Amino acid sequence: DAMVIQNPRYQVTQFGKPVTLSCSQTLNHNVMYWYQQKSSQAPKLLFHYYDKDFNNEADTPDNFQSRRPNTSFCFLDIRSPGLGDAAMYLCATSRVQGRTGELFFGEGSRLTVL
Amino acid sequence: AQSVAQPEDQVNVAEGNPLTVKCTYSVSGNPYLFWYVQYPNRGLQFLLKYITGDNLVKGSYGFEAEFNKSQTSFHLKKPSALVSDSALYFCAVRDDSNYQLIWGAGTKLIIKP
(Lines give C-alpha, C1' and ligand atoms only; values in the text may rest on other atoms or scores of the structure.)
Protein backbone atom coordinates (compact mmCIF):
# COMPACT_ATOMS: atom_id res chain seq x y z
CA ASP A 1 0.00 0.00 0.00
CA ALA A 2 1.15 3.51 -0.74
CA MET A 3 2.02 5.28 2.44
CA VAL A 4 4.12 7.70 4.44
CA ILE A 5 6.84 6.07 6.54
CA GLN A 6 8.71 7.74 9.35
CA ASN A 7 11.87 6.51 11.01
CA PRO A 8 12.64 6.05 13.75
CA ARG A 9 9.32 5.77 15.57
CA TYR A 10 11.05 6.54 18.85
CA GLN A 11 14.25 8.53 19.26
CA VAL A 12 16.04 9.28 22.50
CA THR A 13 18.81 11.84 22.46
CA GLN A 14 20.82 13.87 24.90
CA PHE A 15 20.53 17.59 25.35
CA GLY A 16 22.44 19.25 22.52
CA LYS A 17 23.10 16.07 20.52
CA PRO A 18 21.95 16.41 16.89
CA VAL A 19 19.09 14.29 15.66
CA THR A 20 17.81 13.46 12.19
CA LEU A 21 14.33 12.14 11.55
CA SER A 22 13.40 10.72 8.18
CA CYS A 23 10.24 10.49 6.14
CA SER A 24 9.61 8.63 2.91
CA GLN A 25 6.51 8.46 0.77
CA THR A 26 5.32 6.19 -1.99
CA LEU A 27 2.37 8.41 -2.89
CA ASN A 28 4.37 10.55 -5.32
CA HIS A 29 2.92 13.67 -3.74
CA ASN A 30 4.34 17.07 -4.53
CA VAL A 31 4.08 18.52 -1.05
CA MET A 32 5.74 17.25 2.12
CA TYR A 33 5.25 18.75 5.56
CA TRP A 34 6.87 18.54 8.96
CA TYR A 35 4.71 19.15 12.00
CA GLN A 36 5.58 19.24 15.69
CA GLN A 37 2.97 18.00 18.14
CA LYS A 38 3.28 18.28 21.91
CA SER A 39 1.13 16.50 24.49
CA SER A 40 -1.96 15.85 22.36
CA GLN A 41 -2.07 19.48 21.28
CA ALA A 42 -2.82 20.60 17.75
CA PRO A 43 0.03 19.92 15.33
CA LYS A 44 2.23 22.92 14.61
CA LEU A 45 3.59 23.33 11.09
CA LEU A 46 7.36 23.73 11.03
CA PHE A 47 7.95 23.86 7.28
CA HIS A 48 6.89 22.32 4.02
CA TYR A 49 8.22 21.62 0.55
CA TYR A 50 6.33 22.12 -2.65
CA ASP A 51 8.51 19.98 -4.91
CA LYS A 52 11.94 21.45 -4.13
CA ASP A 53 10.65 24.83 -2.98
CA PHE A 54 11.24 25.13 0.75
CA ASN A 55 8.80 27.11 2.90
CA ASN A 56 9.74 27.89 6.47
CA GLU A 57 7.13 29.01 8.98
CA ALA A 58 8.04 32.36 10.51
CA ASP A 59 8.17 31.05 14.06
CA THR A 60 10.12 27.85 13.36
CA PRO A 61 13.34 28.01 15.39
CA ASP A 62 16.65 28.06 13.52
CA ASN A 63 17.52 24.90 15.41
CA PHE A 64 15.26 23.03 13.00
CA GLN A 65 16.38 22.37 9.45
CA SER A 66 15.04 20.22 6.66
CA ARG A 67 16.24 18.54 3.49
CA ARG A 68 14.34 17.02 0.60
CA PRO A 69 16.87 15.30 -1.65
CA ASN A 70 14.21 13.86 -3.94
CA THR A 71 10.43 13.52 -4.28
CA SER A 72 10.23 10.52 -1.99
CA PHE A 73 12.35 11.56 0.98
CA CYS A 74 12.38 14.37 3.46
CA PHE A 75 14.52 14.81 6.59
CA LEU A 76 14.14 16.86 9.73
CA ASP A 77 17.39 17.86 11.41
CA ILE A 78 17.40 19.20 14.94
CA ARG A 79 20.84 20.66 15.40
CA SER A 80 20.96 21.08 19.15
CA PRO A 81 17.89 19.59 20.81
CA GLY A 82 16.67 21.18 23.99
CA LEU A 83 14.27 19.81 26.54
CA GLY A 84 11.54 21.88 24.93
CA ASP A 85 11.98 20.03 21.65
CA ALA A 86 10.69 16.78 23.10
CA ALA A 87 7.60 16.08 21.04
CA MET A 88 6.00 13.94 18.38
CA TYR A 89 7.21 14.92 14.92
CA LEU A 90 4.77 14.21 12.13
CA CYS A 91 5.50 14.03 8.45
CA ALA A 92 2.63 14.49 6.01
CA THR A 93 2.13 14.72 2.28
CA SER A 94 -0.46 16.15 -0.07
CA ARG A 95 -0.89 16.05 -3.81
CA VAL A 96 -0.75 19.69 -4.74
CA GLN A 97 -0.53 22.75 -2.58
CA GLY A 98 -3.52 25.01 -2.84
CA ARG A 99 -5.88 22.24 -3.79
CA THR A 100 -8.47 20.72 -1.56
CA GLY A 101 -6.87 17.37 -1.00
CA GLU A 102 -6.35 15.99 2.43
CA LEU A 103 -3.03 15.39 4.18
CA PHE A 104 -1.59 11.90 4.51
CA PHE A 105 0.35 11.46 7.73
CA GLY A 106 3.04 9.06 8.82
CA GLU A 107 2.90 7.39 12.21
CA GLY A 108 5.19 9.97 13.74
CA SER A 109 8.57 10.00 15.44
CA ARG A 110 8.51 10.57 19.16
CA LEU A 111 11.57 12.43 20.37
CA THR A 112 12.73 12.28 23.96
CA VAL A 113 15.49 14.63 25.10
CA LEU A 114 17.42 13.69 28.25
CA ALA B 1 -8.46 36.36 11.12
CA GLN B 2 -9.32 32.83 10.17
CA SER B 3 -9.75 30.38 13.00
CA VAL B 4 -11.32 27.16 14.13
CA ALA B 5 -12.57 26.28 17.59
CA GLN B 6 -13.37 23.02 19.29
CA PRO B 7 -15.21 24.07 22.43
CA GLU B 8 -14.96 20.73 24.24
CA ASP B 9 -11.69 19.33 25.53
CA GLN B 10 -13.32 15.99 26.14
CA VAL B 11 -16.55 14.24 25.20
CA ASN B 12 -17.79 11.15 26.99
CA VAL B 13 -20.34 8.87 25.35
CA ALA B 14 -21.69 5.45 26.17
CA GLU B 15 -21.14 2.75 23.59
CA GLY B 16 -24.09 2.50 21.22
CA ASN B 17 -25.21 6.08 21.78
CA PRO B 18 -24.91 8.79 19.13
CA LEU B 19 -21.91 11.08 19.40
CA THR B 20 -21.23 14.66 18.38
CA VAL B 21 -17.90 16.45 18.42
CA LYS B 22 -18.29 20.17 17.88
CA CYS B 23 -16.36 22.51 15.64
CA THR B 24 -16.94 26.13 14.70
CA TYR B 25 -14.94 28.19 12.27
CA SER B 26 -14.30 31.70 11.09
CA VAL B 27 -13.11 32.34 7.53
CA SER B 28 -13.33 35.23 5.14
CA GLY B 29 -14.41 33.24 2.09
CA ASN B 30 -15.87 29.82 1.42
CA PRO B 31 -14.64 27.36 4.03
CA TYR B 32 -12.68 24.23 3.27
CA LEU B 33 -13.21 22.08 6.36
CA PHE B 34 -11.64 18.83 7.53
CA TRP B 35 -11.84 16.30 10.34
CA TYR B 36 -8.91 14.13 11.37
CA VAL B 37 -8.59 11.42 14.02
CA GLN B 38 -5.51 10.49 16.01
CA TYR B 39 -5.20 7.27 17.97
CA PRO B 40 -2.65 7.12 20.81
CA ASN B 41 0.96 7.31 19.61
CA ARG B 42 -0.13 7.34 15.99
CA GLY B 43 -0.24 9.87 13.19
CA LEU B 44 -3.37 11.71 12.16
CA GLN B 45 -5.83 10.08 9.78
CA PHE B 46 -8.15 11.94 7.46
CA LEU B 47 -11.85 11.30 8.18
CA LEU B 48 -13.77 13.62 5.88
CA LYS B 49 -13.89 17.05 4.30
CA TYR B 50 -16.35 19.66 3.15
CA ILE B 51 -15.51 21.70 0.09
CA THR B 52 -18.85 22.38 -1.54
CA GLY B 53 -22.13 20.65 -2.21
CA ASP B 54 -24.27 18.63 0.15
CA ASN B 55 -24.15 19.91 3.72
CA LEU B 56 -23.98 16.39 5.10
CA VAL B 57 -20.62 14.81 4.39
CA LYS B 58 -19.95 11.13 4.91
CA GLY B 59 -16.52 9.86 5.81
CA SER B 60 -14.53 6.93 7.10
CA TYR B 61 -15.49 4.56 9.92
CA GLY B 62 -19.17 5.54 9.77
CA PHE B 63 -18.55 9.19 10.67
CA GLU B 64 -20.35 12.10 9.07
CA ALA B 65 -20.27 15.84 9.52
CA GLU B 66 -22.85 18.51 8.99
CA PHE B 67 -21.85 21.84 7.52
CA ASN B 68 -24.00 24.71 8.76
CA LYS B 69 -23.15 28.01 7.13
CA SER B 70 -25.43 30.17 9.25
CA GLN B 71 -23.98 28.81 12.47
CA THR B 72 -20.45 28.52 11.02
CA SER B 73 -20.24 25.00 12.36
CA PHE B 74 -18.97 21.66 11.12
CA HIS B 75 -19.87 19.13 13.80
CA LEU B 76 -18.70 15.54 13.56
CA LYS B 77 -21.31 12.87 14.21
CA LYS B 78 -21.82 9.16 14.39
CA PRO B 79 -25.17 7.42 15.00
CA SER B 80 -23.81 4.67 17.23
CA ALA B 81 -20.47 4.99 19.04
CA LEU B 82 -17.97 2.17 19.37
CA VAL B 83 -15.34 1.81 22.09
CA SER B 84 -12.77 1.78 19.27
CA ASP B 85 -13.84 5.33 18.34
CA SER B 86 -12.05 6.57 21.44
CA ALA B 87 -9.35 8.89 20.15
CA LEU B 88 -8.35 12.52 19.68
CA TYR B 89 -10.30 14.38 17.01
CA PHE B 90 -9.11 17.49 15.23
CA CYS B 91 -11.13 19.89 13.14
CA ALA B 92 -9.25 22.02 10.62
CA VAL B 93 -9.98 24.78 8.14
CA ARG B 94 -7.89 25.81 5.18
CA ASP B 95 -6.18 29.17 5.49
CA ASP B 96 -6.93 31.03 2.27
CA SER B 97 -3.80 33.15 2.56
CA ASN B 98 -1.36 30.26 2.30
CA TYR B 99 -3.49 27.12 1.82
CA GLN B 100 -2.22 25.56 5.03
CA LEU B 101 -4.52 24.01 7.59
CA ILE B 102 -5.53 25.88 10.72
CA TRP B 103 -6.10 23.29 13.42
CA GLY B 104 -8.51 23.21 16.30
CA ALA B 105 -7.16 22.32 19.72
CA GLY B 106 -8.55 18.81 19.53
CA THR B 107 -11.29 16.97 21.40
CA LYS B 108 -10.65 13.77 23.26
CA LEU B 109 -13.50 11.35 22.67
CA ILE B 110 -14.00 8.63 25.25
CA ILE B 111 -16.49 5.87 24.54
CA LYS B 112 -17.38 3.82 27.60
CA PRO B 113 -18.62 0.22 27.33
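A, B, ... follow the sequence lines: proteins, then strands. Residue 1 opens every chain. None of the values given here were measured: they were computed from a predicted structure.
Neither the backbone nor the side chain of A:Gln6 comes within less than 4.5 Å of any heavy atom of chain B. Proximity to chain A is absent for every atom of B:Asp96, based on heavy atoms less than 4.5 angstrom apart. For a residue to count as touching a neighbouring chain, one of its non-hydrogen atoms must lie under 4.5 Å from one of that chain's; by this rule A:Phe104 does not touch chain B. Looking at A:Glu107, both its backbone and its side chain come within 4.5 Å of chain B, counting heavy atoms on both sides.
Counting non-hydrogen atoms of other residues, nucleotides and ligands closer than 6.0 Å to CG of B:Asn12 gives a total above 12. Within a 6.0 Å radius of NZ in A:Lys17, no more than 12 heavy atoms belonging to other residues, nucleotides or ligands are found. For NZ of B:Lys22, the number of neighbouring non-hydrogen atoms (other residues, nucleotides, ligands) closer than 6.0 Å is 12 at most. Summarising the local packing, CD of B:Gln10 is surrounded by more than 12 heavy atoms from other residues, nucleotides or ligands at distances under 6.0 Å. Heavy atoms of other residues, nucleotides or ligands lying less than 6.0 angstrom from CG of A:Asp59 number more than 12.
With rounding to the nearest 0.5 Å, the separation of CG in A:Leu103 from CZ in B:Phe34 is 7.5 Å. Between atom CG of residue B:Leu44 and atom CG of residue A:Leu90 there is a gap of 6.0 Å, rounded to the nearest 0.5 Å. Of the inter-residue distances, the one linking B:Gln38 atom CD with A:Phe105 atom CZ reads 8.5 Å to the nearest 0.5 angstrom. Atom CD of A:Glu102 and atom CD of B:Gln45 lie 12.0 Å apart (nearest 0.5 Å). Once rounded to the nearest 0.5 Å, the distance linking OH of B:Tyr99 with OH of A:Tyr50 reads 11.0 Å. For the atom pair CD (B:Gln100) and NE2 (A:His48), the distance works out to 4.5 Å, reported to the nearest 0.5 Å.
No continuous path of ILVMFWY side-chain contacts below 4.5 Å connects B:Val57 to B:Tyr32, so the two sit in separate hydrophobic clusters. With hydrophobic clusters built from ILVMFWY side chains whose heavy atoms lie under 4.5 angstrom apart, A:Ile5 does not share a cluster with A:Leu76. Residue B:Leu48 is grouped with residue B:Ile102 when hydrophobic side chains (ILVMFWY) are merged at heavy-atom distances under 4.5 angstrom, including chains of intermediate members.
Contact count against chain B (heavy-atom pairs under 4.5 Å) is highest for A:Pro43 among A:Ser40, A:Ala92, A:Pro43.
Shown here for B:Trp103 and A:Ala42, the closest heavy-atom pair between the two residues is CB-CB, 3.8 Å.
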